[in-house]
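Please read the structure below before turning to the comments.
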Amino acid sequence: MAAPKAFNATRGDKIFDIANIVLMSLVLIVTLYPFLNVLAISLNESSDTVKGGVTIIPRALTFENYQQIFQYEGLIRGLWNSILRTVIGTVFGLASASMLAYTLSRPDFQARKFTSTFLVVTMYVSGGMIPVYILFRDLGLLGSFWVYVLPGIVSAFNVIVIRSFMDGLPYALQESAKLDGANDLTIFFRIILPLCKPVLATIALFLAVGQWNSWFDTYLYNGSHPELTTLQFELMKVLQSTQQGGSGQQVNTANMAEQMKQISPESIKMAITIVVTVPILIVYPFLQRYFVSGMTLGAVKS
């Protein structure tokens with residue numbers, strides 16, 4: 001009787017493996033196809049793109065779409081500002097969120113419940129666009145690079161995620177360190193932070209993607225300051241110039257609107273999508289292994 005059971009188990013394992021491979025292959029195709037299609041259209045000649053039917057391989061390979069985009073003089077300045085705000089915003093946001101989360105994770109912090117409740121309230125209650133604009137104006141943030149960094153330096157969601165992870169760490173580690181003479185800064189930097197690498201990497205990815213993709217704050221607060229423009233804001237203007245044929249849009253390059261008339265809006269749109277997506281795709285593999293553990297370990301509590 002043992003042999004048939006072993007044979008059935010082996011056969012079942014094979015069936016499961018085949019089904020798993022087929023299912024995962026379908027998921028891979030569904031996930032990867034849209035990106036490959038966007039890439040193919042961005043590398044395809046505009047006159048050929050309007051005919052349709054481009055799948056994952058360009059019919060008429062060309063780099064003209066990217067050449068037209070990068071001829072726009074505002075992109076280089078916007079690229080630099082986007083990189084700068086992404087790096088500075090991520091570092092500042094991660095530092096502030098981790099320090100506040102560490103404070104809230106301490107059982108001996110007397111205002112722990114009040115501060116946690118206050119943070120949660122800010123996730124659901126907002127002053128609105130106009131009061132926020134007036135506040136930034138009174139603080140002197142309009143026309144300043146710091147309007148990209150300071151408003152988002154503390155995120156209630158990020159603090160809660162990091163604090164939940166820290167709550168899962170044994171408090172005995174901190175007590176042992178105190179017995180050895182370590183102060184709070186030493187405990188935070190040498191014990192807590194090294195153990196929080198998964199959740200810190202996850203939050204860093206959230207912050208970096210948010211800063212990199214942001215353009216509406218540029219439109220609201222620094223739209224009249226070309227030296228403070230960002231890549232996404234400039235690409236948005238290029239896309240609008242393409243779709244509208246240059247009418248009603250002020251561009252820095254004199255013949256930009258005329259050049260854009262020669263390019264399919266669909267091709268430019270796809271090329272812009274690739275330009276803004278590739279930097280995040282490059283960073284993501286380095287943080288992906290921390291992503292799942294960073295989001296789940298801190299949420300599992302007894």
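Along the sequence shown, the residues carry numbers beginning at 1.
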Below 4.5 Å, heavy atoms only, C-beta onward: do Y171 and D108 meet side chain to side chain? yes
Within the 3.5 Å criterion, strictly below it, is a donor on N65 or S46 matched to an acceptor on the partner's side chain? yes
Does atom CZ of F63 have more than 12 heavy-atom neighbours, drawn from other residues, nucleotides or ligands, at distances under 6.0 Å? no
Anything under 30° is parallel, anything over 60° is perpendicular, the rest tilted; go ahead and classify F233 against W215. parallel
Would you say the side-chain atoms of E45 pair up with the backbone N or O of T62, donor to acceptor, closer than 3.5 Å? no
Under a 4.5 Å cut-off applied to non-hydrogen side-chain atoms, are V120 and I160 in contact? yes
Take a 6.0 Å sphere around OH of Y33 and say whether it holds more than 12 heavy atoms from other residues, nucleotides or ligands. yes
Would you find more than 12 non-hydrogen atoms of other residues, nucleotides or ligands less than 6.0 Å from E227 atom CD? yes
Taking all heavy atoms of F188 and all of M166, pick out the closest pair and write down the distance. CE1-CE, 4.4 Å
Answer yes or no: is there a donor N or O on one side and an acceptor on the other, between the side chain of Q211 and the main chain of Y148, under 3.5 Å? yes
If only atom types and distance count, is the side chain of N44 paired as donor or acceptor with the main-chain N or O of R59 below 3.5 Å? yes
Roughly how far apart are L193 CG and F189 CZ, rounded to 0.5 Å? 6.5 Å
Is any side-chain heavy atom of C196 less than 4.5 Å from a side-chain heavy atom of V199? yes
Heavy-atom closest pair (A156 atom, M123 atom, distance to 0.1 Å) is CB-CG, 3.4 Å
Taking the side chain as C-beta and beyond, is there a heavy-atom pair between L119 and F157 under 4.5 Å? no
When you measure from the side chain of T277 to the backbone N and O of I274, does any donor-acceptor pair fall under 3.5 Å? no
State whether the number of non-hydrogen atoms from other residues, nucleotides or ligands found under 6.0 Å of Y66 atom OH is greater than 12. yes
Is there a side-chain contact between S98 and L200 (heavy atoms, below 4.5 Å)? yes
Under the side chain to side chain contact (heavy atoms under 4.5 Å, CB included) rule, what do N81 and L231 come out as? Steps first, then yes or no, please. CA-CA 7 Å; N81 287 333; L231 177 63; over 6 Å; no
Side-chain heavy atoms of V147 within contact of D217, under 4.5 Å: no
Could you tell me whether the side chains of Y133 and R137 share a donor-acceptor contact shorter than 3.5 Å? no
Using a strict 4.0 Å threshold on nitrogen-to-oxygen distance, state whether R106 and D167 make a salt bridge. no
Among V159, V91, V154, the one residue meeting side chain to side chain contact (heavy atoms under 4.5 Å, CB included) with S96: V154
S105 side chain to Y102 main-chain N or O, any donor-acceptor pair under 3.5 Å? yes
Distance from K269 atom NZ to T49 atom OG1, nearest 0.5 Å? 12.5 Å
Do the side-chain N and O atoms of T229 and E234 include a donor-acceptor pair separated by under 3.5 angstrom? yes
Looking at every non-hydrogen atom in both residues, tell me the closest pair between P107 and R112 and how far apart they are. CA-NH1, 3.8 Å
Flag if over 12 foreign heavy atoms under 6.0 Å of CD1, I280: yes
With side chains defined as the heavy atoms from C-beta onward, is the minimum distance between W212 and T90 less than 4.5 Å? no
For a quick check under 3.5 Å, do T230 and T218 share a side-chain donor-acceptor pair by atom type? yes
Distance-only donor-acceptor check, side chains R163 and S116, under 3.5 Å: yes
Rounded distance (nearest 0.5 Å) linking atom CD1 of I83 with atom CZ of R85: 12.5 Å
Check whether any side-chain heavy atom of V38 lies under 4.5 Å from a side-chain heavy atom of F35, and answer yes or no. no
For a quick test of reading the model, state the closest non-hydrogen atom pair linking I57 to A40 and the distance between them. N-CB, 3.8 Å
Distance-minimising heavy-atom pair for S82 and Q232: OG-OE1, 3.7 Å
Return yes if some donor-acceptor pair links the side-chain N/O of N183 with the main-chain N/O of T186 below 3.5 Å, else return no. yes
More than 12 heavy atoms of other residues, nucleotides or ligands under 6.0 Å from CZ of F145: is that the case? yes
Rounded to the nearest 0.5 Å, what separation is found between the NZ atom of K113 and the CG atom of L104? 13.5 Å
How many angstroms lie between CD1 in I191 and CG in L195, if you round to the nearest 0.5 Å? 8.0 Å
Measure the spacing between OG of S42 and CD1 of I69 and express it to the nearest 0.5 Å. 8.5 Å
N37 and V54: which non-hydrogen atoms are nearest, and at how many Å? ND2-O, 2.9 Å
With a sphere of 6.0 Å drawn around CD1 of I130, does it hold more than 12 non-hydrogen atoms of other residues, nucleotides or ligands? no
Tell me whether M129 at atom CE has more than 12 heavy atoms from other residues, nucleotides or ligands lying less than 6.0 Å away. no
